[in-house]
Amino acid sequence: MLNIAVFVSGRGSNLRAIHEAVERGTLDAKIVLVLSSRDDAPALTWASARGIPTASLQGIAADEVATNIVQHLESAGTDFIALAGYMKRIPEEVVRWYRGRMVNVHPALLPSFGGKGMYGERVHKAVLDAGVRVSGATVHIVDEEYDRGPIVLQRCVPVEENDTPASLAERVLAVEHALLPEALQLFSRGQMEVRDGRVQSTKQR
Ligand code: GAR
């Protein structure tokens with residue numbers, strides 16, 4: 001079983017999907033902390049209402065953010081981190097501390113349509129502007145580079161002729177809600193690990 005900290009910045013629908021998977025019993029995990037970059041994230045209110053410990057980084061001096069995050073994570077007994085709509089860069093110190101134990105969900109098929117500034121609806125607008133026929137969702141390990149870490153799972157979502165960024169976002173989000181808990185369960189069961197910069201099944205040994 002994994003003790004998961006979920007990092008959020010806004011709505012928190014992926015947080016709710018993780019919570020539902022735990023409640024359903026399809027994810028052997030406990031959400032031990034919801035950490036937000038903003039005090040007013042609806043996801044924080046949702047978590048507090050359910051008695052899930054929460055923390056916000058708003059107002060913390062830049063040079064104290066990393067230490068603050070690690071302190072929150074360690075005192076909550078975190079084994080694994082899920083970035084679920086977290087819009088701030090993760091300090092390198094935190095990446096090092098949790099190397100191979102932190103995933104991010106991204107609303108496109110990485111390595112396309114990722115990188116600094118590519119988040120939320122901007123991603124879907126870029127996808128539509130590029131005229132690609134297929135988009136999707138990616139769960140990847142977090143490393144020092146934005147959206148570049150080893151890929152854990154990906155799932156396709158066809159782009160429709162009349163899609164708008166909002167309509168595409170809605171279908172991709174539904175896929176994210178399945179993909180992120182599924183990816184977390186692979187780690188919870190010890191079925192995946194990072195080897196030679198790739199996420200590999202532990203069965204391939
Ligand atoms: C999700 O679509 C997630 O993939 C995206 O933000 C949304 C958060 O929704 N993340 C990124 O774009 C990160 N690059 P949620 O708060 O309802 O889970």
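We count ligands from 1, going down the list as the structure has it; atoms in each ligand are counted the same way. The residues of the chain are indexed from 1 along the displayed sequence.
Legend: residues meeting side chain to side chain contact (heavy atoms under 4.5 Å, CB included) with Gln58, ordered by chain and number and at least two apart, are Arg38, Asp39, Ser56.
His177 and Ser13 are linked by a side-chain donor-acceptor pair at a separation below 3.5 angstrom, with hydrogens and angles left out of the test.
Under a 4.0 Å N-O distance rule, the pair Glu23/Arg16 does not qualify as a salt bridge.
Between Asp147 and ligand 1, no N or O atom pair is found at a separation short of 3.5 Å. Annotation: Gly85 places no N or O atom under 3.5 Å from an N or O atom of ligand 1; distance criterion only. For Leu15, no nitrogen or oxygen atom sits less than 3.5 Å from a nitrogen or oxygen atom of ligand 1, counting backbone and side chain alike. Not a single N or O atom of Tyr86, backbone or side chain, sits closer than 3.5 Å to an N or O atom of ligand 1.
The local environment of CD in Glu160 is crowded, with over 12 non-hydrogen atoms from other residues, nucleotides or ligands closer than 6.0 Å.
Note: Phe7 and Tyr86 have perpendicular aromatic rings, judged against thresholds of 30 and 60 degrees for the angle between ring planes.
With a heavy-atom cut-off of 4.0 Å, Glu176 touches ligand 1 through its side chain alone. By the criterion of a heavy-atom distance under 4.0 Å, neither the backbone nor the side chain of Leu83 is placed next to ligand 1.
Within the structure, the closest approach of Arg16 to ligand 1 does not fall below 4.0 Å when heavy atoms are considered. The closest approach between any non-hydrogen atom of Met87 and ligand 1 is below 4.0 Å. Within the 4.0 Å heavy-atom shell around ligand 1 one does not find Val8.
Close approach to Met118 involves these atoms of ligand 1, each under 4.0 Å from a residue heavy atom: 14 (N).
Residue Phe113 is found in a hydrophobic cluster whose other members, listed by chain and number, are Met118, Val123, Val127, Leu128, Val132, Val157, Val159, Leu168, Val172, Val175; membership requires side-chain heavy atoms under 4.5 Å apart, directly or through intermediates.
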